[in-house]
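Notes follow once the structure below has been shown.
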Amino acid sequence: MPKRLTKWLLTAVLLYGCTTAQERKFKQYYLQGQLLYEKHCSNCHQPNGSGLKNLYPPLALSDFLKNNPEKTLCLMRHGLTGEVVVNNITFNQPMPGIPSLTDLEIAEIATYIYNSWGNKRGLVEVQEAERVLRSCIE
Ligand code: HEC
């Protein structure tokens, strides 16, 4: 077999051979979500999801995140006001929404935060985000 072809085949196997389409999609969403998180969310919630004192609630192992998957998608676009309790600590400071985020971007950010810092939920599909985001109460 020509050397170039062997090399190409090896690369192809390394890139695709051991992963399913679903795993590749997960990785793509996760990496894109990380970039978006760092741009739009990490100032407040911190790069490691720890939050900041009693100002910004944590996302790492947050029970709110775990118990409110639909609200979590909605609040990225529409923001959140009023009292919110996260891991037994009460926060009450408005979070501004980011209306410019698309359904896909919200699915990507959700995939990232739901699978980082000890959180584990798997892929949040864009179709799922679309369905939920249509039903948000502003
Ligand atoms: C300007 C600071 C700021 C930015 C930027 C911000 N948040 Fe928030 N976030 C807050 C505050 C403050 C709260 C608590 C809101 C309240 O008290 O009602 C909150 C609450 C939350 C909650 C629910 C509570 C929890 O910790 O589980 C989630 C989830 C969340 N934010 C995710 C995000 C994501 C994802 C982004 C980026 C798309 C983002 N936030 C951007 C400040 C911010």
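In listed order, ligands and their atoms are each counted from 1.
For NZ of Lys71, the number of neighbouring non-hydrogen atoms (other residues, nucleotides, ligands) closer than 6.0 Å is 12 at most.
The distance from ligand 1 to the heavy atoms of Val86 drops below 4.0 Å at these ligand atoms: 24 (C), 25 (C), 26 (O). In summary, the atoms of ligand 1 found under 4.0 Å from a heavy atom of Ile98, numbered by their order in the structure, are 38 (C). Less than 4.0 angstrom separates some heavy atom of Thr81 from each of these atoms of ligand 1: 18 (O). In summary, the atoms of ligand 1 found under 4.0 Å from a heavy atom of Pro57, numbered by their order in the structure, are 11 (C), 13 (C), 14 (C), 19 (C), 20 (C), 24 (C), 26 (O). Of all atoms in ligand 1, listed by their number and element, those nearer than 4.0 Å to a heavy atom of Leu75 are 22 (C), 23 (C), 28 (C), 30 (C), 31 (N), 32 (C). Heavy-atom contacts of Leu65 reach the following atoms of ligand 1: 27 (O), 29 (C) (cutoff under 4.0 Å). Interface of Val84 with ligand 1, defined as ligand atoms under 4.0 Å from a residue heavy atom, comprises 14 (C), 15 (C), 16 (C), 17 (O), 18 (O). Each of the following atoms of ligand 1 lies closer than 4.0 Å to a heavy atom of Gly82: 16 (C), 17 (O), 18 (O).
Looking at Tyr56, Tyr112, Tyr37, Phe91 and measuring to atom 42 (C) of ligand 1, the nearest heavy atom belongs to Tyr56. For atom 28 (C) of ligand 1, the nearest non-hydrogen atom from the set Thr72, Leu59, Ile89, Asn67 comes from Leu59.
For His78 (side chain) and Cys136 (main-chain N/O), no donor-acceptor pair under 3.5 Å exists by modelled atom type. Distance alone, capped at 3.5 Å, places no donor-acceptor pair between the Asp103 side chain and the Glu130 backbone. Of the possible polar contacts, none joining the Asp63 side chain to the Val86 backbone as a donor-acceptor pair under 3.5 Å is found.
Heavy-atom separations between Leu55 and ligand 1 include at least one value shorter than 4.0 Å.
Looking at heavy atoms from C-beta onward, Val84 lies in side-chain contact with Phe64 at the 4.5 angstrom threshold. The side-chain heavy atoms of Tyr114 and Leu123, taken from C-beta on, include no pair separated by under 4.5 Å. Taking 4.5 Å as the limit, some side-chain heavy atom of Tyr37 sits within range of a side-chain heavy atom of His45.
Distance CG/Leu59 to CG/Asn48: 10.0 Å, rounded to 0.5 Å.
Protein heavy atom nearest atom 27 (O) of ligand 1, with residue, atom name and distance: Ser62 OG, 2.7 Å. Cys41 SG, 2.7 Å is the protein heavy atom nearest to atom 38 (C) of ligand 1. Among protein heavy atoms, atom 19 (C) of ligand 1 sits closest to Met95 SD, 3.5 Å. Summary of contacts: the protein heavy atom closest to atom 5 (C) of ligand 1 is His40 O, 3.3 Å. Counting protein heavy atoms only, atom 2 (C) of ligand 1 is closest to Cys44 SG, 1.9 Å. Here the protein heavy atom with the shortest distance to atom 25 (C) of ligand 1 is Pro58 O, 3.5 Å.
Atom NE2 is the N/O/S atom of His45 found closest to atom 8 (Fe) of ligand 1.
There is a side-chain donor-acceptor pair under 3.5 Å between Glu125 and Gln22. In summary, the side chains of Tyr30 and Ser116 do present a donor paired with an acceptor at a separation below 3.5 Å, with no hydrogens or angles considered.
Between Gln93 and ligand 1, an N or O atom pair is found at a separation short of 3.5 Å.
Using cut-offs of 30° and 60° on the angle between ring planes, the pair Tyr112 and Trp117 is perpendicular.
Using a cutoff of 4.0 Å between basic side-chain nitrogens and carboxylate oxygens, Glu105 and Arg77 are not scored as salt-bridged.
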